[in-house]
There are 2 protein chains.
Amino acid sequence: MSLPHAILTALLEKPSSGLELTRRFDKSIGYFWSATHQQIYRELGRLEEAGLIRALPSEVPVRGQKKEYEVLPAGGTELARWVAESQDPKPMRDPLLLRIRAAGVVGPQGLGPELRRHLELHRRQLAQYEAIEEKDFPPGRDAVEDRLRRLVLHGGIALETFWLTWLEEALAEVGDMSGPQA
Amino acid sequence: MSLPHAILTALLEKPSSGLELTRRFDKSIGYFWSATHQQIYRELGRLEEAGLIRALPSEVPVRGQKKEYEVLPAGGTELARWVAESQDPKPMRDPLLLRIRAAGVVGPQGLGPELRRHLELHRRQLAQYEAIEEKDFPPGRDAVEDRLRRLVLHGGIALETFWLTWLEEALAEVGDMSGPQA
DNA sequence: GAGGACATGTAACACGTTACATGATTCA
DNA sequence: TGAATCATGTAACGTGTTACATGTCCTC
C-alpha cells in the first residue's frame with residue numbers, strides 16, 4: 001500500500017490536481033514510485049472517500065474542470081504512522097537478471113546488444129540524478145527536509161552506479177559470445 | 001510477462017511438479033523473481049494450454065495427485081526469443097526510499113529502528129548469497145551455464161552491498177533524530 | 001481410521017496497465 | 001468553428017496476494 005502514501009506526501013509538499021500530481025510523479029517521486037494518471041485519479045477518489053484528503057471547495061466539481069486536493073489532518077497522521085511502520089523489504093524482482101539465468105539454459109544469443117542498451121539507459125539516468133543533485137542540493141542547504149531528500153537521491157545514484165558496474169561485468173562475460181554468429 | 005519465462009527456465013533445468021517448482025522458486029529463482037504456488041499453478045495451466053509445456057503422461061491426472069511437467073520444443077524457442085527481446089528497464093519501486101521522502105515532510109520519528117532492522121535483514125541475505133557462492137561456485141567451474149549463474153549471483157551480492165552501504169548512510173542521517181523522544 | 005504432510009486447485013480482491021471516452025479552455 | 005491542449009474519468013484486463021477448499025498418501 002505505497003501509492004496512497006506517495007500521493008499524501010506529494011500533496012503535503014504542495015496541494016495539486018490529479019494531472020499536476022501525474023506530472024510531478026513523472027519527474028520526481030516517480031523515480032522511485034511511478035504511477036499513471038488513471039491510478040492517481042482512482043486513488044484520489046479513495047483517499048477523499050476515506051477522509052484523508054479533500055477537494056478545495058473553490059471550483060465547481062464538473063468533469064473536465066480542474067479539481068485541487070489538499071491533505072486533511074487525518075491524512076498527515078496516517079502518513080506519519082506509515083513512515084514508522086514495520087515493513088519487510090521485498091525480494092528484488094528483476095527481469096534482466098532472470099533473462100541472464102534463462103540464457104544459461106538456452107544460450108546468450110542476442111543478449112549483447114540488449115546489455116549495451118541498458119548500460120546506456122542507466123548512464124543517462126545516473127547523469128540526470130547527478131544534475132538534480134548539483135541543481136537542487138548545493139552544499140550548505142541543511143534543513144532536515146533537504147538532508148532526507150538528498151539521502152533518497154543518493155540511493156538512486158548508488159543504485160544506478162550498481163547497475164553500471166554489474167552491466168560492465170555482464171558484458172565482459174557475455175558480450176563476445178552473443179554476437180550475430182550462432 | 002516474466003513469470004511464464006521463469007517457469008520455462010526452471011522446467012528446462014529440471015522437469016518438476018507445481019509444488020516442486022514452488023520450492024525451487026523459494027530457494028533459487030525466487031531470489032530475483034518470486035512467486036506463490038497459486039501463481040505457479042495458474043501459469044502452468046496457461047503454458048500447457050499454449051502448447052509450450054506438457055504434463056508427463058506417466059501418472060493419472062487426478063486432483064491431489066502429483067503432476068510433472070516438461071518443456072516442449074515450442075517452449076524452448078519462446079524462451080530463447082524472450083532472452084534476446086528488447087525490454088526497457090523499469091524504474092525502481094522501493095517503499096523504503098518513499099518512506100524516507102515522506103519522513104522529510106512528516107518527520108523521521110520511528111524510522112531508526114526500522115532502518116536498523118532492514119540493515120540486519122540485508123546482512124543476512126548477503127551472507128546467504130556468499131554462502132551459495134562458496135558452495136556452488138568454487139573456482140574452476142567454467143562452463144557457460146556456470147559463468148552466467150555466477151554472474152546473476154554477483155548481481156544479488158552487489159545489490160545487497162548497495163543496500164548495506166546506503167542504510168549506513170541513512171542511519172547516520174536519521175538515527176539520532178528518530179529516537180523515542182518527540 | 002485419524003492426523004499430518006503432500007499436492008493441486010478455486011475464489012475474491014488489490015494493484016498496475018492499456019485503451020478509450022468525455023468535457024472545458026484556448027487560440028487561430 | 002475547428003483543432004489542440006488541458007483535465008478528469010470509465011472499462012477491460014493482467015498480474016500478484018490472501019484465504020480457503022479438496023483430495024491423496026503415509027504413518028501411527
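Quick note on labels: first sequence line is chain A, next is B, and so on, each numbered from 1.
- Residue Arg42(A) places a side-chain atom within donor-acceptor reach of the base of dG16(C), judged by atom type and a 3.5 Å distance cut-off alone.
- Contact annotation: Gln38(A) side-chain N/O to dG9(D) OP1/OP2 distance is not under 4.0 Å.
- When only modelled atom types and interatomic distance are considered, Gln125(A) and Tyr31(A) share no side-chain donor-acceptor pair under 3.5 Å.
- Of the residues in residues 9-32 of chain B, not one places a heavy atom less than 4.0 Å from an atom of DNA chain D.
- His5(A) and Glu78(A) share a donor-acceptor pair across their side chains, judged by distance under 3.5 Å alone.
- A donor-acceptor pair shorter than 3.5 Å can be found between the side chains of Ser28(A) and Arg101(B).
- Taking side-chain N and O atoms only, Lys90(A) has no distance below 4.0 Å to OP1 or OP2 of dG16(D).
- At dC25(D), none of the side-chain N or O atoms of Lys66(B) fall inside 4.0 Å of OP1 or OP2 (strictly under the cut-off).
- Residues Arg117(B) and Glu114(B) are paired through a salt bridge, judged by an N-O separation under 4.0 Å between the basic side chain and the carboxylate.
- We find that NE2 of His37(B) is positioned 13 Å from P of dA21(D), with the value rounded to whole Å.
- When the side-chain nitrogen and oxygen atoms of Tyr41(B) are compared with OP1 and OP2 of dT8(C), one or more of them lie within a distance under 4.0 Å.
- When only modelled atom types and interatomic distance are considered, His154(B) and Glu133(B) share a side-chain donor-acceptor pair under 3.5 Å.
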